[in-house]
Engineer: 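Could you have a look at this structure, given as C-alpha cells, before my questions?
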2 protein chains.
Amino acid sequence: MTRGTGRGGSPAAPSSTDVARLAGVSQKTVSRVFNDEPYVSADVRRRVTEAAERLGYRRNNAARALASGRTRSIGVVTLGTALYGPASLLMGVERVVRDTGYALRVVNTMEGDPAGIAGAVDSLLDQGVDGIVISEPIDEAGENGDMAPRVGVPVLVIGAPPFVTAPAVLNAGDGADLMARTATEHLLALGHTTVHHLAGPQRWYAARDRLEGWRATLTAHGKDVPEVVTGDWSAASGYTAGRALAEDGDVTAVFSANDDMAIGLVRALADAGRRVPEDVSVVGFDDIPVAAYVTPPLTTVRQPFDAVAQEGLKRLVHAIENPDADPLPPSDPPIDLVVRASTAPPPSRTARARGRRTSSRRQAGTPAARPEGGAAPQH
Amino acid sequence: MTRGTGRGGSPAAPSSTDVARLAGVSQKTVSRVFNDEPYVSADVRRRVTEAAERLGYRRNNAARALASGRTRSIGVVTLGTALYGPASLLMGVERVVRDTGYALRVVNTMEGDPAGIAGAVDSLLDQGVDGIVISEPIDEAGENGDMAPRVGVPVLVIGAPPFVTAPAVLNAGDGADLMARTATEHLLALGHTTVHHLAGPQRWYAARDRLEGWRATLTAHGKDVPEVVTGDWSAASGYTAGRALAEDGDVTAVFSANDDMAIGLVRALADAGRRVPEDVSVVGFDDIPVAAYVTPPLTTVRQPFDAVAQEGLKRLVHAIENPDADPLPPSDPPIDLVVRASTAPPPSRTARARGRRTSSRRQAGTPAARPEGGAAPQH
DNA sequence: GTGAAAGCGCTAACAC
DNA sequence: GTGTTAGCGCTTTCAC
C-alpha cells in the first residue's frame with residue numbers, strides 16, 4: 001500500500017521513488033538530478049528528467065524541509081495597509097525574493113493589533129522560515145511589554161532600529177532622516193524663515209526619523225522649531241492639520257511626512273484662501289504616482305523602495321546561507337528630491353500681513369499668477 | 001545521535017518526543033494536546049503544556065505537512081505593483097487568511113513576465129499550497145499559448161473569468177461592469193448627451209469589464225458610443241489622454257477606469273483651460289484615499305476590496321476543507337458611488353461653443369465661480 | 001558515478 | 001483516555 005490515497009479522488013502525486021522506478025535508477029539518483037548535483041552521467045540525467053516529466057513529478061517541499069531542516073522560505077512582517085510606502089516595499093521584497101530562489105510568506109500586523117510584531121514574527125517562526133524581514137515596524141511598546149523577541153533565524157529590519165535578538169540582525173532603509181533634511185533644506189534655501197512639519201504618527205519609526213531630520217536641520221541653521229502637527233498618514237488628517245496651519249499667518253513652508261497628507265494639506269490651504277506655493281510652500285515625502293499630477297504638482301522626496309529592498313534582501317540571504325561569515329555591509333540609498341511646483345520663495349512681508357487679515361475664503365479671480373506647473377508635469 | 005546537529009551552533013529545536021519524555025507521556029499525546037483533540041485529561045494536558053513551554057517547543061510544520069498531506073497554506077498570485085487596487089486586495093486577503101488559520105504565500109507576476117500567471121501558479125504548486133488565489137490577473141494569451149493551467153487544488157479567481165482547470169474554481173469581484181454602469185448612468189442622469197471613457201490597459205480583465213459596463217449603458221440609453229481612449233492606470237497616462245480629450249470641445253463627461261488616471265486627466269483639462277466640473281465632468285474608479293482631497297474632490301466608485309476578499313476566501317477555504325461538498329454560492333458585493341465635486345450638469349450649448357473657440361490656455365481670473373468642493377470634503 | 005540504509009518530526013489508524 | 005506501529009518523501013551518510 002505504498003501509493004496510498006489522495007483523498008477527494010485525485011490520484012496521489014508521484015514521488016521520487018516512482019520516478020526512480022520508471023527511469024530504472026535509485027531514488028537517490030533522482031534526488032541528485034533534481035538538486036543539480038554533480039556526478040550524474042548525462043544519460044542517467046536525461047532518463048530521469050524524462051520519467052519525471054512523464055509522471056508530472058514535482059518534488060515535495062515538506063519532505064525536503066523536514067529532511068534538510070531548511071524551508072527555503074523567507075517571511076515578511078508588514079503593515080496591513082495599502083499605504084504606498086509599505087505596499088511598495090512589500091512588492092520590492094517579493095520581486096527580489098523570487099530571484100533568490102526563496103519562497104515568500106507574508107504576515108500582517110495591524111495597528112493596535114494586541115499581538116503586534118512579536119505575534120507576527122511568532123507566527124512566521126511557527127510556519128518555518130529561514131529568515132525574516134520586518135518592514136516598517138511601528139513601536140508597540142507600552143501595550144506590549146516584552147520587546148526584543150528572540151529569534152533563531154537572521155532578521156532584516158527595514159526602517160527601524162534593530163529591536164530583535166537573532167543570530168544576525170541587519171538594517172536597511174535608514175535614510176529617512178537624511179531625506180527629511182534635504183526636504184527641509186530645500187525650503188530654507190528658498191528663503192523661508194522656518195519650516196513647519198506635518199508629522200506622521202509617532203509610533204512609526206519612519207515618522208520619527210522624518211521628524212528628527214527636520215528638527216535637526218532647523219537647529220543646525222539656527223531657526224525656530226515650530227510646534228509639530230501630527231497626522232495619521234491620510235489625506236483626511238492632512239486636511240485637518242491644514243485647517244489649523246492655515247489660521248497661522250506666519251506659516252510659509254510646510255514639510256509633510258508623506259504625500260497623502262501633503263495633498264490634504266494643500267486642499268485645506270486652498271479652501272482657506274492660502275495659495276500654494278505663493279503663500280505657502282509644501283514638500284511631501286514618497287513621490288507617489290499621482291504627486292506630479294495634483295494641483296499644484298507636488299515637490300517631494302522620492303523613496304528608493306526597490307533599492308532598499310534589493311540591497312537588504314541580498315544581505316539577508318547572505319546571512320542565511322553563510323551563518324558564520326561576516327554580514328555584508330549596508331550601502332547608502334540615493335536621496336532624490338523632486339522639485340515641482342508646490343514650493344517657491346516666501347511671500348513678501350507686506351503680502352503676508354495682508355494675508356493675515358484676510359483669513360476668510362479668497363475669491364477666484366484674485367489677480368495673481370496661477371501656479372501652473374508648466375505643460376507636462378515633471379517626473 | 002537523535003538530537004543531532006543544528007549547524008551554525010544553535011542547538012537543535014526540541015521535538016514532540018522531547019516534550020513527551022519530559023512530561024512523561026507518549027509522543028502521540030503531545031500531538032493530541034497541540035491539535036486540541038478531545039480525550040486528553042486536564043492533568044495530562046497541563047503537564048504537556050508546561051513541558052513544551054519549558055523546552056520552547058514549537059511544532060514542525062514541515063513534518064506536519066509531510067505526514068498529513070496538507071500544508072495549511074494558501075498561495076496568492078498578484079501583480080507586482082503598488083497600485084491601489086491590487087495592493088488593497090492583497091491586504092484584504094492576508095487579513096482574512098490569517099483568521100482562517102492558513103499561512104499565506106505570495107508570488108507576483110509582472111506585466112510582460114514571460115512565465116506569466118501559469119509560472120506563478122506553478123511556483124506556488126512547487127512550494128505546496130492547499131489553495132490558490134489569483135488576484136486581478138491580466139490576459140497574457142498570445143504571448144503565452146497554453147492558458148488554462150491544470151491545478152490540483154481549489155482556486156479562487158478575483159476579477160477575471162475562471163481560466164484554470166481545478167477541482168474547484170471560484171470567482172469573486174465580478175461587479176466591475178455593474179459599477180461602471182452606475183458611474184456612467186450618474187453622468188447621463190446629469191444631462192450629458194454622452195460619456196467618454198478613459199480605459200485601462202485592455203489586457204486587464206478589470207479594464208475590460210469597466211469598458212463593457214460603460215458601453216452597455218450608453219447603448220441601453222441609445223447614446224453615441226465615442227471612441228475609447230486607453231491609458232495604463234497611471235496619472236501620467238491620464239494626463240496624456242486628457243490632453244487629447246481637451247482638444248475635443250464636444251467632450252463634457254468622462255468616466256475614467258481608475259482614480260489615478262482621473263487625476264492626471266483633471267490636471268490636463270485644467271492645463272488646457274477646461275474647468276472641472278463646469279466644462280467637463282469626471283468620474284473615477286476605486287476611491288483611493290486622496291480622491292476626496294484633490295481639486296476638485298473626485299466623484300468615484302468605491303471598490304469593496306475587503307468584502308470581496310473576505311467573501312472569496314471564505315468560499316475558497318470551504319472548498320479546501322470540504323472537497324466533496326457543493327461550493328458556497330457567491331454573494332453580490334455592494335455598489336457604492338461616491339458623489340463629490342468633479343461632476344455637474346453639462347455646460348449650455350453656447351458656453352460650449354465659446355469654449356471650443358478658446359482652446360488656448362485660460363487665464364486665471366476668468367470670471368467664473370471656482371469649483372470649491374465645500375468646506376470638508378465628503379468621504 | 002551510483003546505491004542502500006537510516007531517519008527528519010509529525011499524523012493516521014488502530015489497539016488497549 | 002492513552003499508547004503503538006507505520007509510514008509521509010525527501011536528504012544525509014557512507015559504502016561500493
Side-chain angles (χ1 to χ4, degrees), chain A residues 1-7 11-48 51-52 55-72 125-128 130, chain B residues 1-7 11-48 51-52 55-72 125-128 130:
Chain A
M1 196 136 309
T2 87
R3 327 276 329 269
T5 59
R7 49 188 73 219
S15 73
S16 56
T17 313
D18 298 327
V19 176
R21 188 162 29 231
L22 183 59
V25 297
S26 78
Q27 182 272 327
K28 170 69 225 186
T29 298
V30 175
S31 171
R32 281 206 181 88
V33 169
F34 274 85
N35 288 328
D36 271 330
E37 281 171 36
Y39 305 126
V40 186
S41 71
D43 175 56
V44 167
R45 194 177 291 271
R46 196 186 41 69
R47 258 162 47 216
V48 168
L55 258 28
Y57 168 73
R58 58 192 346 143
R59 55 185 170 183
N60 180 321
N61 239 287
R64 247 154 83 82
L66 178 56
S68 68
R70 298 182 43 202
T71 62
R72 282 152 250 261
L125 256 17
D126 259 2
Q127 293 174 38
D130 295 341
Chain B
M1 195 132 310
T2 90
R3 327 276 329 268
T5 59
R7 50 190 69 221
S15 73
S16 56
T17 312
D18 299 325
V19 175
R21 190 163 28 231
L22 182 60
V25 297
S26 79
Q27 182 273 328
K28 172 69 221 184
T29 297
V30 176
S31 171
R32 282 206 181 87
V33 169
F34 275 85
N35 288 329
D36 271 329
E37 280 171 37
Y39 305 126
V40 186
S41 72
D43 175 56
V44 167
R45 193 176 292 270
R46 198 186 39 69
R47 259 165 43 217
V48 168
L55 260 28
Y57 168 73
R58 59 192 345 143
R59 57 187 167 178
N60 181 320
N61 238 288
R64 248 154 81 84
L66 179 56
S68 68
R70 299 183 43 202
T71 62
R72 282 153 250 261
L125 256 17
D126 258 3
Q127 294 174 35
D130 295 342

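Naming: A, B, ... by sequence-line order, numbering from 1 per chain.
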Engineer: Tell me the interatomic distance from B/Arg21, atom CZ, to C/dG9, atom P, rounded to whole angstroms.
Structural biologist: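 Nearest whole value for this atom pair: 11 Å.
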Engineer: Expressed as a whole number of angstroms, how long is the span from A/Arg70:CZ to D/dT11:P?
Structural biologist: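 So the two atoms are 11 Å apart, to the nearest Å.
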Engineer: Mapping A/Leu66 and B/Val44 to their closest nucleotides on DNA chain D, which lands nearer the 5' end?
Structural biologist: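 First, find each residue's nearest nucleotide; the 5'-ward one identifies B/Val44.
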Engineer: Could you state the atom-to-atom distance from CG of A/Asn60 to C1' of D/dC8 in whole Å?
Structural biologist: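 Rounded to the whole Å, the gap is 8 Å.
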Engineer: Side chain to side chain donor-acceptor pair (under 3.5 Å) with A/Thr71: which residues, sequence neighbours excluded?
Structural biologist: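 Side chain to side chain donor-acceptor pair (under 3.5 Å) check on A/Thr71 returns A/Ser73, A/Asp130.
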Engineer: Can you name the side chain to side chain donor-acceptor pair (under 3.5 Å) partners of B/Arg32, sequence neighbours left out?
Structural biologist: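 Once residues adjacent in sequence are excluded, B/Arg32 has no partner under the side chain to side chain donor-acceptor pair (under 3.5 Å) criterion.
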Engineer: Checking side-chain contact (heavy atoms from CB on, under 4.5 Å) for the pair A/Asn35/A/Arg59: CA distance, chi angles, key distance, verdict?
Structural biologist: CA-CA 10 Å; A/Asn35 288 328; A/Arg59 55 185 170 183; 2.6 Å; yes
Engineer: Would you check if A/Arg21 and A/Val30 make a side-chain contact, meaning some heavy-atom pair closer than 4.5 Å?
Structural biologist: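 Answer no - side chains too far apart.
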Engineer: Going by side-chain contact (heavy atoms from CB on, under 4.5 Å), name the residues that satisfy it together with A/Leu125, two or more places apart in sequence or in a different chain.
Structural biologist: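 With sequence neighbours excluded, A/Leu125 shows a side-chain contact (heavy atoms from CB on, under 4.5 Å) to A/Val121, A/Val129, A/Ile132, A/Val151, A/Val153, B/Arg58, given in chain and number order.
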Engineer: Kindly write out the residues that satisfy side-chain contact (heavy atoms from CB on, under 4.5 Å) with B/Asn60, not counting sequence neighbours, or none if the list is empty.
Structural biologist: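 side-chain contact (heavy atoms from CB on, under 4.5 Å) check on B/Asn60 returns A/Leu66, B/Ala62, B/Ala63.
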Engineer: Using Watson-Crick and G-U wobble pairs with both distances under 3.5 Å, what is the 5'-to-3' dot-bracket string of DNA chain C, with [ ] for crossing pairs and | for pairs outside the strand?
Structural biologist: ||||||||||||||||
Engineer: Expected output is a numbered-order residue list: members of residues 24-43 of chain B with a heavy atom under 4.0 Å from any atom of DNA chain D. What is it?
Structural biologist: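 Residues of residues 24-43 of chain B under 4.0 Å from DNA chain D: B/Val25, B/Ser26, B/Lys28, B/Thr29, B/Arg32, B/Tyr39, B/Val40, B/Ser41.
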